[in-house]
Every structure is written in C-alpha cells, then in structure tokens.
Amino acid sequence: MWRYRKGMMMVGVAAIALTMFVSSASADDVVALTEDTFENQVGKDRAALVEFYAPWCGHCKRLAPEYEQLGTTFKKTKSVLIAKVDCDEQKSVCGKYGVSGYPTIQWFPKGSLEPKKYEGARTAEALAAFVNMEAGTNVKIITVPSSVVVLSTDNFDEIVMDETKDVLVEFYAPWCGHCKALSPTYEKVAAAFNLDKEVVIANVDADKYKDLAEKYGVSGYPTLKFFPKNNKAGQDYDGGRELDDFVAFINEKCGTYRDGKGQLTSKAGIIASLDDLVKEFVNADDDDKKAVYSRLEEEVKKLKGSSARHGDLYLKLAKKGMEKGADYAKNEIHRLDRMLEKSISPAKADEFTLKKNILSTFA
C-alpha cells in the first residue's frame with residue numbers, strides 16, 4: 001500500500017506540472033493563426049514553423065502532443081514562432097500555401113513568406129532539431145511525465161478495485177492507430193482531474209497483459225471501462241472521444257466540477273441543501289445571525305466526504321462575515337479575482353475558486 005501511495009504522490013506532482021504544461025501549450029505556446037493574423041505574425045522579424053492541419057485528421061491528432069511540446073519548448077525563444085492553421089476554418093490561407101494534405105508543416109525564414117516544407121519525423125525531438133538547424137538556435141526539448149496511471153497485473157487490483165476511487169481505464173494496444181489518436185486527449189483528461197484524489201485516469205497495455213483484457217471482455221482497441229466506487233465489476237464507457245465528452249462524463253459520475261483545462265467551474269463547492277440557510281443568514285440582523293449560524297453548523301455535521309469539507313468552508317466564511325461585516329463577501333471575492341488572474345499553482349487556483357464560489361452565495 002505504501003508503494004501505491006508513494007507512486008500516486010509522485011504521479012500527482014508530475015501531473016500538476018503536466019496540467020500547467022497542457023493548459024499553457026493549448027492556449028499560448030502554439031499560436032493559432034487566421035487569415036487576418038497570418039501575415040502579421042509570419043514573415044516578419046522572426047522565423048516561423050507552421051502546421052497546417054484539419055481537426056478531424058487522425059495524423060494531426062497524433063502529432064498534437066508532440067507539436068504542443070515543441071511550442072512549449074520554444075515559447076521563450078523570441079526569434080522563433082511555433083504556429084498552426086486550422087485548414088477547415090482558414091481555407092484561403094491553406095490554399096495560398098499549396099496545402100493538399102494534413103498535416104503539412106512548413107518553415108518560413110525570418111522576413112520571408114516563401115516556405116520550405118518540413119519532411120522529417122513527426123516527433124518533438126526531430127522538429128526541435130530542424131528548428132534549431134534552420135534558426136541557428138540551440139534549444140533543448142522540454143519533456144514532461146505522463147499523468148495517466150499505468151496499470152499492469154501487479155497493480156491493477158490495488159488501484160482499480162480501491163473502493164475509495166472512481167477509475168477510468170483505457171485498454172489499448174501500442175500498434176493501434178485509434179489508440180494513438182486518442183492518446184493526447186486522454187492525457188489532457190488525466191491532467192484535468194489530477195487534483196481530484198478520488199478520481200484516477202489510467203491505462204493498460206492489453207496487448208502485453210492479455211489476461212486482463214480477457215477478464216474484462218476486451219476484444220477491440222481502445223476499450224474504455226469505468227470502475228466507480230460502488231461497481232468494481234466495471235461498466236463500458238460508450239461516450240464521445242473528445243475532451244469535453246470525457247470531462248462531462250467524469251463530472252457526472254464522480255461529482256466533480258472541472259472544465260477541460262482542469263479548472264474548477266462556478267458550481268464547485270456549492271451545497272444546494274445549505275442554500276436556504278445561507279439566505280436566511282445573509283438576511284438576518286446581527287442579533288439573529290448567531291442563531292442561524294448554529295443551525296448551519298448542525299446541517300454541516302450531517303454532510304459526508306467532499307461535501308463535509310466544503311461545509312466546513314461555509315462555516316469558516318460565515319464566521320468571517322460576522323466578524324468583518326456585511327461587505328466581507330463582496331470585498332473578498334474581488335480580492336480572489338485579482339489573485340486568480342496571477343500565475344499561481346493549480347492547487348492554489350482550486351483553493352481560491354472554491355472560496356470564491358461559496359462566498360458568492362453570501363454576497
């Protein structure tokens with residue numbers, strides 16, 4: 001058990017780093033260009049590597065994590081731009097540069113709109129070597145550990161059968177094209193939920209561990225099965241394969257409130273059963289607030305699991321409100337908004353968002 005806990009702790013640390021990596025790469029590190037912005041960014045005072053892709057293209061999906069890793073690697077290199085163009089949306093740009101298949105990767109030297117086609121391997125390492133050669137840079141690729149928990153016959157039961165955990169398992173084969181296409185999305189799912197200790201996103205090489213695949217009736221790849229706390233027989237996941245599909249499924253089944261970037265939504269921490277008492281507390285005069293607070297305490301004592309933890313935060317914030325006056329909730333929300341706009345760790349962002357959400361019920 002100690003080995004499992006220690007392993008999960010290490011996975012958690014790595015996953016926090018991966019969450020920051022994935023969200024930043026998706027949002028900023030690979031610059032999405034349009035017809036309006038292409039010539040403002042490319043052919044100017046820095047060289048550019050541009051991927052022309054289509055959202056439905058399997059080869060593009062397999063390239064995505066490598067290309068995002070490349071974008072993160074060169075993010076701080078001012079002489080190089082790593083960019084992409086969605087050819088479904090920006091047909092005129094792709095037509096202008098002779099794109100007829102996806103993905104097409106082209107190199108635009110500094111000050112030039114005459115591209116050179118990239119013909120090398122589609123790995124972050126090969127792409128980085130090409131950019132370094134063309135741009136005269138010497139940037140080393142950034143590598144980040146996976147946040148998907150890797151299962152085998154040695155740890156499958158220990159992790160998946162843990163009745164304190166909801167576990168989503170992908171049974172895959174290394175040679176499977178559909179599995180490779182799913183990989184970057186599945187990685188983002190794992191990163192999105194890495195701070196939820198009761199949720200595990202895992203995979204198992206069903207080609208290597210055929211006994212596990214046979215035990216759970218796996219006959220095609222990838223097969224996804226969900227093992228909730230109350231059903232360790234497992235149930236088939238038949239939902240969509242996009243990030244939002246997985247996120248919606250996990251939120252519904254596990255009672256979590258995350259978006260695709262792993263950030264808590266505005267519903268996180270809210271306990272509907274306390275709504276009426278909170279309203280009564282807010283509207284009570286100073287003499288009656290203590291009596292309502294006592295009733296709030298009694299209701300919180302009935303809560304269990306994460307709701308109990310959130311209930312304790314309700315009590316803490318209600319007490320602060322009594323001490324600091326009617327404007328406390330509003331002022332504290334403004335302060336938290338400012339903090340959330342800064343560069344903070346995912347754990348801190350969770351802490352501030354939960355507090356802000358609950359404060360909004362008192363505001």
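Contact between Val93 and Glu35 at its shortest, heavy atoms only, is CG2-CA, 3.5 Å. When all heavy atoms of Arg122 and Pro103 are compared, the closest pair comes out as NH2-O, 3.5 Å. Asn357 and Ala268 make their closest contact through ND2-O, 2.9 Å (heavy atoms, listed as atom of the first residue, atom of the second, distance). The two residues Thr361 and Val282 come nearest to each other via the heavy atoms O-CG2, 4.2 Å. When all heavy atoms of Val30 and Glu68 are compared, the pair lying nearest together is CG2-CA, 3.9 Å.
Listed by chain and number, the residues in a salt bridge (charged side-chain N to carboxylate O under 4.0 Å, His left out) with Asp288 amount to none (sequence neighbours excluded). Residues that satisfy the salt bridge (charged side-chain N to carboxylate O under 4.0 Å, His left out) test with Lys76, not counting sequence neighbours, are absent from this structure. When the side chain to side chain contact (heavy atoms under 4.5 Å, CB included) test is applied to Ala126, the partners found at least two apart in sequence or on another chain are Tyr118, Ala121, Thr123. Among residues two or more places apart in sequence or in another chain, the side chain to side chain contact (heavy atoms under 4.5 Å, CB included) test is passed with Asn40 by none. Partners of Gln235 according to the side chain to side chain contact (heavy atoms under 4.5 Å, CB included) rule, which considers only residues two or more places apart in sequence or in another chain, are Phe226, Pro228, Asn231, Lys253. Asp245 is linked by a salt bridge (charged side-chain N to carboxylate O under 4.0 Å, His left out) to nothing, counting only residues two or more places apart in sequence or in another chain.
For the pair Ser112 (side chain) and Phe108 (backbone), a donor-acceptor distance under 3.5 Å is absent. Although no hydrogens or angles enter the test, the distance criterion places no donor-acceptor pair under 3.5 Å between the side chain of Glu332 and the main chain of Leu359. In this structure, the side chain of Thr77 does not engage the main chain of Val80 through any donor-acceptor pair within 3.5 Å.
For residues 253-307, the pairs satisfying ring pair (Phe, Tyr, Trp, His ring centres under 6.0 Å) are Phe281-Phe362, with sequence neighbours left out. A side-chain hydrogen bond (donor to acceptor under 3.5 Å, both in side chains) check over residues 129-141, counting only residues at least two apart or in different chains, returns the pairs Lys116-Glu134, Asn132-Thr137. Residue pairs meeting the disulfide (SG to SG under 2.5 Å) criterion with at least one member in residues 327-363: none, sequence neighbours excluded. Every pair passing side-chain hydrogen bond (donor to acceptor under 3.5 Å, both in side chains) that includes a residue from residues 302-325 is listed here, sequence neighbours excluded: Glu299-Lys302. Applying the ring pair (Phe, Tyr, Trp, His ring centres under 6.0 Å) test to pairs two or more places apart or on separate chains, those with a residue in residues 167-215 are Trp175-Tyr221. Among residues at least two apart or in separate chains, salt bridge (Lys or Arg N to Asp or Glu O under 4.0 Å) pairs with a member in residues 89-105 are Glu39-Lys96.
Lys165 places none of its side-chain heavy atoms less than 4.5 Å from the side chain of Lys197.
Once rounded to the nearest 0.5 Å, the distance linking CD of Glu214 with NZ of Lys210 reads 11.0 Å. Atom CD in Glu51 sits 9.0 Å away from atom OG1 in Thr104 (nearest 0.5 Å). To the nearest 0.5 Å, atoms CG (Leu336) and NZ (Lys355) are separated by 5.5 Å.
With 3.5 Å as the limit, one finds a donor-acceptor pair spanning the side chains of Ser146 and Glu187. For Thr256 and Asn251, the side-chain atoms include at least one donor-acceptor pair closer than 3.5 Å. For the residue pair Thr34 and Asp36, no side-chain donor N or O sits within less than 3.5 Å of a side-chain acceptor on the partner. For the residue pair Ser147 and Asn194, no side-chain donor N or O sits within less than 3.5 Å of a side-chain acceptor on the partner.
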Original post:
Where do Asp211 and Thr153 land on the side chain to side chain contact (heavy atoms under 4.5 Å, CB included) test, with the steps shown first?
Top reply: CA-CA 8 Å; Asp211 53 339; Thr153 50; 3.4 Å; yes
